[in-house]
Visitor: 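Got a structure here, written out as structure tokens. Questions coming.
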Amino acid sequence: MTQPAKNRQARVWSMNTDRRESFLSGLKIEERVQAFWESRAGTSLRQGIPVLALCLFGGQGKLTGGAMPFAPALLAGAMMRGRAVPYAAAGCVLGALIAGSPAMLLACALLFALYAALRLTNLKPNDLTCVLAAGLSAYLLPLLFAQNLYDHIMAAAGGLTAMVLSRMYATALRVRLQDRELLSPEEIISLSLLLAGVLTGFRQLAPWGISPVLAVLLFLCIGAGWLCGAGMGAAVGAVTGLMLGVTQPEAPYLLPGMVLSGLLPGLFARLGKWGAAAALPVALVLAGAMDARFLTWQRAVEGALACAGFLCVRESAWERLRAFVSREERVRRFAAMTQGGLRGEMREKIRQYAGLYGRMARSLAASGAGGPYAAVSAALRAMAEDLDTPVQDLPELSREIAQDLDAAHIRVEGVRAQRVGEACRVHLQVHCRQRDGLCDKRLRQVVSAAVGAPMRASRAGFCPKEGPCALTMEEAEAFAVDAGYASLAPDGGQDCGDTLTTVQLPDGQYMAALADGMGHGLRAQAESRAAIDLMEDFLLARFEPEAALSGVNDLLLHRDKEESFSTMDLMLIDLARGTLRAMKIGAVPSYIRRGRRLLSIAGDALPMGIVEKVRPSVTQLKMQDGDALILLSDGVMDAVDGNEKWLTEEILAMDLRDAEGAARRLISHARAVGKHEDDMTVCVLRLVRRHG
């Protein structure tokens, strides 16, 4: 009989007749609470309780003289946010009731009644309506209890303060950290202001004169300086200090102390957490020097508590917070990643085109028509290699260059320094003053000193020598070229049939090309200029020199039905290694002067525009510091009837310290001693090693 009674008792206490379980388990309290918490009412409660707590404590703040605009401002901010407005109204009413302010209690009730009336008519109050309603309620209702002029003035001050605070509180209440990754400076300041206003509700809590509220705000200033830098730290300090000043009129000296408490930790943030923490005592001492009432033993204890709390927070927690506030850094990193992705996509596409042209060249190799396709394939591969070079922005170096340029009285409008592979590149926007050689002299000196390496202006950019100037400066190579030239037409006019160009190529090559068109005058000038322009375009597009010469030859072959040909001197100097690659097609010999020695560079190929395939004479040699390369057109050699001995003596007698003067002297002497029946051009290129 005993056993059945026990079984019956177990079934009575069980909600499930199939299993024996306790009464509490049968009620399934956890499941019911979880279901309520996820329901609409639970979600509203979960979102509303924090707002109620914020408004409860924040609504108790008072300004100097007794005005209390914080409760209406908080409620207006919640109305602009559009969520948890009943909870905000309840918190503000309770806060005003605890603070003993019937005027603010009526103001909050009036604001909530306005909100409810608008919502019942399916209208949503806009931000301007909420701001005006907060200001008017914080001003008009205290007038019911005003007894003198001072009360009227304080009511007006409270109304204006409510209007300003309501907009900032709305910004703070709209922030939802769960769905955010970046916080703007306005949102950070608004959140700091909201937190400071809430903490003022605990201002009466001060055992032995030590204020936990002030310790927390000092901790907030250190954290803002550590995470966001000196500027944001000072801004947060100013906001919290202002809040303390208006709520504690007996302590106006708190404002400069809080500003210093955010500024100095930001300045010392580079020294790490200990450096930022050590900056707080310095800030307190400086604030005490400004007003002795600030530096007391209670303030020292509050500062020690703030430093201890700052150091006790784990580094991982600070890193999670840094993700919210380092907006500029993260946006810049994302932009760099996006730019890198675009470069990668373009690089792969160019490589696909290079492979396509390479396959076409191989398929046509047997017929001899694959040369142009192979040239295009090689140029595209070179472009892909350029895009494969990593590019990194250097903001600190950019700032240093801008400061140095400003100190040198060079008006700078923009600086962007980058690390391209292993080299440095600087994009500049400066303001040139007349033709004073700014871009060639002082600018290069200042930028080179800041970078720590000799810099030169690259081909990219534009410098009018007067007004806005956009330049790109790159690290200079080991060698530089001092170039000078002179030319003369048979009739002494300007229509010389020879064309000369000197160009700094992107890959550190210095190109000098001299073309001599058939005959002389305008027709010869057009032929030689077309050959030179096309050669320059080919090499700037990263074509191989042989392919570029082949392309120029095709142009001259198919340009018109008349006979058209041109000689070509192509000199490529590697400025990093000091090597020379000379390619001659139908041109007269060139010379290299090395001290008192003279080296000759000759070739026997036919001029371009005569045969289908050109085979240039190629000479490669190592140049030395101070070597001079002299290019001549056939007009100079014809003027002296091929007297090479006279020509070599003149070259050895030239003063190479003035390259352009030496070129003019050689032409002048050739004209004086011989006949002048063809265009004459002389180019002198002196190789100089850079120092420092």
Visitor: Taking only residues two or more places apart in sequence, or in another chain, which ones meet R167 in a salt bridge (charged side-chain N to carboxylate O under 4.0 Å, His left out)?
Guide: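 For R167 the salt bridge (charged side-chain N to carboxylate O under 4.0 Å, His left out) partners, ignoring immediate neighbours, are D127.
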Visitor: Side chain of T472, backbone of H427: donor and acceptor closer than 3.5 Å?
Guide: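 No; judged by distance alone, with no hydrogens or angles, the pair does not exist.
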Visitor: Would you give the length of the straight line joining atom OG1 of T499 to atom CG of L514, rounded to the nearest 0.5 angstrom?
Guide: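 Atom-to-atom, T499:OG1 and L514:CG are 8.5 Å apart.
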Visitor: Decide yes or no for L549 and M568: does some side-chain heavy atom of the first lie under 4.5 Å from some side-chain heavy atom of the second?
Guide: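 Answer yes - side chains close enough.
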Visitor: Working to the nearest 0.5 angstrom, can you tell me the gap between L218 CG and L280 CG?
Guide: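 Rounded to the nearest 0.5 Å, the CG-CG separation comes to 5.5 Å.
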Visitor: Do you know the tightest heavy-atom contact between A486 and R664?
Guide: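 Reported closest heavy-atom pair: CB-CG, 3.7 Å.
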Visitor: So do I222 and C307 actually touch side chain to side chain, heavy atoms under 4.5 Å?
Guide: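 Result yes, sub-4.5 Å side-chain heavy-atom pair found.
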Visitor: Rounded to the nearest 0.5 Å, how far apart are CG of L629 and CD1 of I573?
Guide: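 Output value for this atom pair is 5.5 Å.
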Visitor: Which pair of non-hydrogen atoms, one from A659 and one from G484, has the smallest distance, and what is that distance?
Guide: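 That would be CB-N, 3.7 Å.
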Visitor: Determine whether a donor-acceptor pair (N or O, by modelled atom type, separation under 3.5 Å) exists between the side chain of S398 and the backbone of A417.
Guide: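 Looks like yes, one N/O pair under 3.5 Å.
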Visitor: Would you please name every residue forming a salt bridge (charged side-chain N to carboxylate O under 4.0 Å, His left out) with D574, sequence neighbours left out?
Guide: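 By the salt bridge (charged side-chain N to carboxylate O under 4.0 Å, His left out) rule, D574 matches R577.
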Visitor: Can you pull the salt bridge (Lys or Arg N to Asp or Glu O under 4.0 Å) pairs that have at least one residue in residues 399-410, sequence neighbours excluded?
Guide: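 Those involving residues 399-410 are E396-R399.
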Visitor: Could you pull out the closest heavy-atom pair between M583 and P545, with the gap in Å?
Guide: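 The pair with the smallest heavy-atom distance is SD-CB, 3.6 Å.
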Visitor: Just to verify, what does Q352 make a side-chain contact (heavy atoms from CB on, under 4.5 Å) with, not counting sequence neighbours?
Guide: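 So Q352 forms a side-chain contact (heavy atoms from CB on, under 4.5 Å) with K349.
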Visitor: Going by the rule salt bridge (charged side-chain N to carboxylate O under 4.0 Å, His left out), which residues pair with R314 if we only count those two or more places apart in sequence or in a different chain?
Guide: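 Residues passing salt bridge (charged side-chain N to carboxylate O under 4.0 Å, His left out) with R314: none at all.
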Visitor: Let's go through L428 and V447 carefully: what are the C-alpha distance in whole Å and the side-chain angles of both, what is the deciding distance for side chain to side chain contact (heavy atoms under 4.5 Å, CB included) to 0.1 Å, and is it a yes or a no?
Guide: CA-CA 10 Å; L428 297 166; V447 176; 4.0 Å; yes
Visitor: Using the rule given for side chain to side chain contact (heavy atoms under 4.5 Å, CB included), can you reason through L397 versus I401, listing the C-alpha separation, both sets of side-chain angles and the distance that settles it, and then say yes or no?
Guide: CA-CA 6 Å; L397 180 59; I401 293 174; 3.9 Å; yes
Visitor: If you round to the nearest 0.5 Å, how far is CD1 of I601 from CD of Q620?
Guide: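 Reported value, rounded in 0.5 Å steps: 11.0 Å.
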Visitor: Looking at C221 and G237, what are the two nearest heavy atoms and their distance?
Guide: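 Taking every non-hydrogen atom into account, SG-CA, 3.6 Å.
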Visitor: Who pairs with Q624 by side-chain contact (heavy atoms from CB on, under 4.5 Å), at least two apart in sequence or on another chain?
Guide: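 Once residues adjacent in sequence are excluded, the partners of Q624 under the side-chain contact (heavy atoms from CB on, under 4.5 Å) criterion are R594, D627.
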Visitor: Quick one: closest heavy-atom pair of Y510 and A483, and the distance?
Guide: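 Here Y510 and A483 meet closest at OH-CB, 3.6 Å.
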Visitor: So, using salt bridge (charged side-chain N to carboxylate O under 4.0 Å, His left out) as the criterion, who are the partners of R593 when residues are at least two apart?
Guide: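 Residues passing salt bridge (charged side-chain N to carboxylate O under 4.0 Å, His left out) with R593: none at all.
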Visitor: The test is side chain to side chain contact (heavy atoms under 4.5 Å, CB included); show your working for L539 and V503 and say whether it passes.
Guide: CA-CA 10 Å; L539 293 180; V503 177; over 6 Å; no
Visitor: Suppose we screen for side-chain hydrogen bond (donor to acceptor under 3.5 Å, both in side chains). Which residues come up paired with Q403, at least two apart in sequence or across chains?
Guide: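 Not a single residue meets the side-chain hydrogen bond (donor to acceptor under 3.5 Å, both in side chains) criterion with Q403.
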Visitor: Determine whether L580 and L687 make a side-chain contact, defined as any pair of heavy atoms from C-beta on separated by less than 4.5 Å.
Guide: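 Of all side-chain heavy-atom pairs linking L687 with L580, none is under 4.5 Å.
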Visitor: Taking C-beta and beyond as the side chain, do L631 and V682 meet within less than 4.5 Å on heavy atoms?
Guide: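 L631 vs V682: side chains apart.
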Visitor: If the condition is side-chain hydrogen bond (donor to acceptor under 3.5 Å, both in side chains), which residues does Q509 pass it with, not counting sequence neighbours?
Guide: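 Checked Q509 against side-chain hydrogen bond (donor to acceptor under 3.5 Å, both in side chains); zero matches.
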Visitor: Check the pair S487 / L500 against side chain to side chain contact (heavy atoms under 4.5 Å, CB included), numbers first and verdict last.
Guide: CA-CA 9 Å; S487 61; L500 172 73; over 6 Å; no
Visitor: Using a 4.5 Å cut-off on heavy atoms from C-beta on, say whether the side chain of L443 contacts that of L405.
Guide: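 Side-chain contact under 4.5 Å: yes.
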Visitor: Roughly how far, to the nearest 0.5 Å, is the OG1 atom of T681 from the OH atom of Y485?
Guide: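 The OH atom of Y485 sits 9.5 Å away from the OG1 atom of T681.
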Visitor: Side chains of T579 and L621: does their closest heavy-atom pair fall under 4.5 Å?
Guide: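 They are not in contact (no side-chain heavy atoms under 4.5 Å apart), so the answer is no.
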Visitor: State the OG-CG distance between S590 and L685, to the nearest 0.5 angstrom.
Guide: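 So the gap between those two atoms works out to 9.5 Å.
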Visitor: May I ask you to decide whether E474 forms a salt bridge with R419, counting only side-chain N to carboxylate O separations under 4.0 Å?
Guide: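 Looking at E474 and R419, the cut-off is not met.
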Visitor: Quick one: does D393's side chain have a donor or acceptor within less than 3.5 Å of a partner on Q418's backbone?
Guide: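 Between the backbone of Q418 and the side chain of D393 there is no qualifying donor-acceptor contact (under 3.5 Å).
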Visitor: What closest approach, in Å, do S528 and A515 show between heavy atoms, and which atom pair accounts for it?
Guide: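 In this case the closest contact between S528 and A515 is CB-O, 3.6 Å.
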Visitor: Indicate yes or no: at least one non-hydrogen side-chain atom of I630 is less than 4.5 angstrom from one of C683.
Guide: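 I630 does not reach C683 side chain to side chain.
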Visitor: Please enumerate all residues that pass side-chain contact (heavy atoms from CB on, under 4.5 Å) together with V301, with sequence neighbours excluded.
Guide: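 I210, W297, L305.
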Visitor: How would you list, by chain and number, every residue that makes a ring-ring contact (aromatic ring centres under 6.0 Å, His included) with F479, sequence neighbours excluded?
Guide: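 Listed in chain order: nothing, the list is empty.
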Visitor: Taking side-chain contact (heavy atoms from CB on, under 4.5 Å) as the test, write out the residues that go with F219, two or more places apart.
Guide: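 So F219 forms a side-chain contact (heavy atoms from CB on, under 4.5 Å) with A306, F310, V313, W318.
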Visitor: Would you call K273 and E315 a side-chain contact if the rule is heavy atoms closer than 4.5 Å?
Guide: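 Yes, their side chains come closer than 4.5 Å.
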